[in-house]
Amino acid sequence: MPTRLASVSETAKLAAAPVSDPVPNPEESLTGLLETEEDAVQGDAAADAPVGSHAAPVPSGAAQSGGPEATDAAPLGTVNASGHNRLLVIDGHSMAFRAFYALPAENFSTDTGQHTNAVYGFTSMLINLIKNEEPTHIAVAFDLDTPTFRTEEYSEYKGGRNKTPEEFHGQIDLIIKVMEAMRIPTISLDGYEADDILATLSEQAADRNWDVMVVSGDRDAFQLVNDHVTVFYPKKGVSDLPRMDAAAVEEKYLVPPDKYSDLAALVGESADNLPGVPGVGPKTAAKWIKQYGGLDGILEHLDEIKGKVGDSLRANIEDVKRNRRLNRLLRDLELPVDLDAMAARRPDRDAIEELFDALQFNALRKRLFDVYGEEETAADHPELVPPVHVVLTGAEELRGWFEATNQAPAAVQLVTEGAGEARDAVGLALVTDNAAAFIPLTEIDAAAEKVLADWLADKDAPKVVHDFKSAYKLLARRGLHLAGEVDDPAISGYLIQPDRRSYDLADLSLTHLKLSLDAAPDTGNQLELSLEGEDSATPAVRKAFAALRLSEHFAGQLVERGANQLLGGLELPLSEVLAEMELAGIAVSTEKLDALLDQFSFTINQAKEEAFAVIGKEINLGSPKQLQVVLFEELGLPKTKKIKTGYSTDADALADLIVKTGGHPFLAHLLAYRDAAKLRQTVEGLRKAVADDGRIHTTYAQTVAATGRLSSINPNLQNIPIRSEEGRRIREVFVVGEGYETLLTADYSQVEMRIMAHLSGDESLIQAFRDGEDLHRFVGSHIFGVPPEEVTSAMRSKVKAMSYGLVYGLSSFGLSKQLSIPVDEARTLMRDYFTRFGAVRDYLRGVVEQARKDGYTSTIEGRRRYLPDLASTNRQLREMSERAALNAPIQGSAADIIKKAMLGVDAELKKQGLKSRMLLQVHDELVLEVAPGEREAAEKLVREQMAGAADLSVPLDVSVGWGASWHEAGH
DNA sequence: TACTAGACGTA
DNA sequence: CGTACGTCTAGTAC
């Protein structure tokens with residue numbers, strides 16, 4: 001038996017469409033502009049690759065089994081009551097096609113344009129089968145796009161089929177990737193079809209007395225049915241899979257399964273392009289089979305069959321014999337995968353997360369994990385069982401416990417009650433390497449609390465705290481100061497892997513420790529607890545334990561990635577600074593908020609009425625869907641940019657329409673409505689966020705932005721309007737609080753361009769910054785070849801747009817669009833820019849090149865961002881990563897700098913014993929609340945700390961303003 | 001009730 | 001066909 005083995009390519013990238021990838025026009029994008037000569041040559045070579053000829057994109061291999069990891073890959077299913085193993089085998093191609101035609105391709109695609117309907121349907125079907133049938137073993141067989149013994153005997157075999165639809169391309173590869181992630185072996189064999197593999201597996205399993213479930217959209221599979229083997233044959237789509245056992249086959253085809261192939265040979269199979277005997281249908285065929293015992297009997301008695309059909313049979317008997325040869329499935333192939341290797345295992349959770357993220361399968365992810373139930377629990381792994389905890393309430397007990405820790409790192413985990421402003425810490429779990437304790441905060445006396453307070457505030461008592469900032473704030477509300485933090489696994493995890501979706505303790509534990517916190521394993525912790533805190537103790541102990549283990553786990557990786565200094569010297573201390581800022585909040589004037597609310601509401605109503613008057617009816621102006629009807633159907637306005645749901649009604653599109661329609665009155669009213677509605681929404685959000693103390697306390701997310709920036713939530717105070725006059729008025733509501741003299745704002749000017757100048761080392765840019773020139777005017781004069789004073793405002797704004805665009809990887813097309821100039825002009829602008837500032841071009845080119853080589857970009861503080869998709873064969877993914885690579889070092893370095901500045905400002909305020917305090921950070925701006933008499937000192941130290949936060953080859957300019965409101969203090 | 005799409009605010 | 005975010009509303013899927 002000839003077999004040829006090869007493994008499925010591990011490197012086939014998600015959503016890959018390598019051969020159909022057009023090479024970018026080097027002039028069309030920044031990354032194109034940056035392409036080196038060699039890159040361009042490679043690109044051309046790629047362009048010569050065949051296009052669109054990959055009908056069945058299965059890797060030219062044979063077998064692939066799940067990953068080698070053993071820890072969480074233990075067999076899942078258990079033999080059923082009858083003692084049988086249950087093998088589920090699937091014909092991959094036929095089911096993928098069924099899924100493809102069952103679900104509309106246009107409803108299933110990723111942002112990158114890869115269709116996923118077949119992948120979705122297939123995976124969904126598989127999940128249902130696993131759930132309902134509980135197989136103990138699973139495998140999926142695929143056809144290869146190579147000749148088989150059938151096509152060699154009969155070249156028209158399966159001929160006449162339509163070409164594979166464009167939308168199907170790549171989906172088989174994706175299904176294989178899903179199978180890999182689910183640790184389900186996929187099998188294909190050169191020269192044979194998937195059905196032959198199914199037949200062989202059925203035979204092998206039957207030999208072992210297993211039950212077999214074959215899933216195939218190919219009727220030939222019916223010949224496999226017997227007492228052990230049933231076939232699931234799709235009736236409609238892939239969700240309705242009737243179970244075809246022997247009785248069902250016989251009922252439908254009038255012959256028992258082992259005679260089905262005889263019947264098919266006589267009747268023919270149009271799907272395989274096998275003609276049968278004209279005039280003979282299933283009924284006649286079945287009658288003969290019954291009468292003569294099968295095809296062999298019919299052949300023996302060929303002459304006895306009377307009538308026209310008899311003549312027809314004799315005339316076509318060679319076809320029938322050929323059909324029978326071709327539809328017989330081979331049951332004795334030598335397969336590269338053993339049945340035992342098909343044991344159902346837990347999916348590779350990391351791989352599923354990554355893959356389903358890319359495929360945007362969110363509901364499926366949940367369904368999949370639901371089927372597999374809880375992960376293995378701590379109880380399965382002794383090393384993951386936390387030490388048994390003691391409950392500490394007395395001062396002496398506490399003192400003794402802390403002394404026994406002997407300065408070993410202890411993880412701290414709070415137990416809280418209530419939510420929002422009322423959230424309060426009621427208990428505290430402590431875990432060291434060999435001991436665990438729980439302290440019911442609400443139960444302990446003053447003496448005990450004093451012991452605890454001293455330990456918590458002890459800088460030399462090292463602590464690991466997951467989400468340190470929250471814990472710090474909660475304890476602060478109880479008058480407890482938390483110090484001595486040496487790690488926060490959320491932040492360590494973020495520094496190691498800054499674009500993870502979540503740094504939840506439970507998520508991190510699952511991925512890195514394979515430890516589930518949700519399950520409540522019996523840890524053997526049978527302590528008799530008589531306190532109210534007892535219920536919450538064990539989960540909290542487990543969390544603290546997980547935090548400690550995570551910290552150990554991350555320690556090595558932090559060193560490897562050079563992130564230790566970033567953690568201990570920047571992010572952890574910043575965490576405390578942020579906590580204080582959040583606790584402080586910023587005072588707001590609710591009167592002003594209410595006045596603005598009224599004002600915006602008035603504008604909204606006015607705009608609404610006027611808009612309705614124009615179209616003669618009332619619609620919901622906030623509904624893009626209804627707007628589309630009015631604009632493009634009823635008013636018949638020209639079509640705008642296409643979006644998923646029709647045509648865009650966004651501000652850019654409306655501005656275009658205004659030009660094209662010569663200023664349709666409805667559009668102006670609509671824009672006015674939109675503006676006011678957005679502002680009112682902002683004001684309403686702020687209104688709701690005012691706390692009892694009359695201040696708004698935002699929360700800074702320290703582990704969200706992949707570049708290293710902070711983000712602000714609940715409410716977001718980093719996107720308060722400033723560009724429009726009406727919007728800017730919202731800043732009037734943020735005011736100086738009682739007991740303070742003024743608000744002070746300090747911001748970096750053009751920090752990103754300065755970083756660009758520094759990193760690129762471009763001498764003329766650096767000189768311009770050193771000379772304190774107007775950057776855009778300076779650049780403009782170079783590009784347009786005029787003296788600086790002759791740079792017009794139009795020239796200046798073009799330059800400004802381009803300079804900032806560079807930092808984002810802007811293309812000439814994008815630039816032309818933004819400036820409403822021809823692409824040619826934009827292209828010339830960019831070329832001139834790079835001619836004048838060659839070092840910038842070299843730098844940007846180098847960044848992407850280096851990132852491709854290293855797999856990550858770095859900021860001036862060594863903060864990394866990993867960009868695996870730089871190597872993607874999918875152009876859209878790759879180019880997105882290239883732009884991210886251009887931007888990350890610059891945006892990230894700016895983030896590093898202001899973070900350092902914040903530490904400096906905080907330290908200096910304390911050192912000088914000032915009462916003034918930082919309230920807000922808005923990426924390149926700090927807002928401080930200044931205590932009486934401290935304005936000058938505060939301004940001086942803020943300027944010094946901000947300007948001195950980095951040692952660049954250009955100065956860091958800081959501008960400062962002050963006033964009673966944020967609006968007034970702005971500049 | 002939970003999610004997505006569209007829109008739009010900031011640096 | 002410009003990076004990084006968060007929030008709201010409408011509309012739909014569950």
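Protein chains get the first letters and strands the later ones, always in sequence-line order, with residue 1 at the start of each. No hydrogens, no waters, no symmetry mates; every other heavy atom, side chains included, goes into these values. Keep in mind that what you see is a predicted model, and the values were worked out from it rather than measured.
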Taking atom types as they are modelled, would you say the side chain of A:Arg709 forms a donor-acceptor pair with the base of B:dA11 within the 3.5 Å cutoff? yes

- Query: Side chain of A:Asn719, base of B:dG9: donor and acceptor closer than 3.5 Å?
  - Reply: yes

State whether [X] and [Y] are salt-bridged, where the test is any N-O pair (Lys NZ or Arg NE/NH1/NH2 against Asp/Glu carboxylate O) under 4.0 Å.
| X | Y | result |
| --- | --- | --- |
| A:Asp499 | A:Arg865 | yes |
| A:Asp507 | A:Arg500 | no |
| A:Arg728 | A:Glu725 | yes |

Any A:Thr645 side-chain nitrogen or oxygen under 4.0 Å from OP1 or OP2 of B:dA5: no

Query raised in the report: Is the shortest side-chain N/O distance from A:Ser648 to OP1 or OP2 of B:dA7 below 4.0 Å?
Result: yes

Picking from C:dG2, B:dT10, C:dC1, the nucleotide nearest the side-chain atoms of A:Arg723 would be B:dT10

d(A:Ile722 CD1, A:Glu925 CD) to nearest 0.5 Å is 6.5 Å

Residue pair A:Gln818/A:Lys678 against DNA chain C: nearer the 5' end by closest nucleotide is A:Gln818

Within the structure shown, what part of the strands sits under 4.0 Å from A:Ile643 by heavy-atom distance: base, sugar-phosphate, or nothing? sugar-phosphate

| request: Name the nucleic acid region contacted by A:Ile720, choosing base, sugar-phosphate or nothing; use a 4.0 angstrom heavy-atom cut-off, strictly under. | output: sugar-phosphate

For C:dC14, the nucleotide meeting Watson-Crick or G-U wobble distances (both under 3.5 Å) is none

pair_partner(C:dG2), Watson-Crick or wobble, both distances < 3.5 Å, evaluates to none

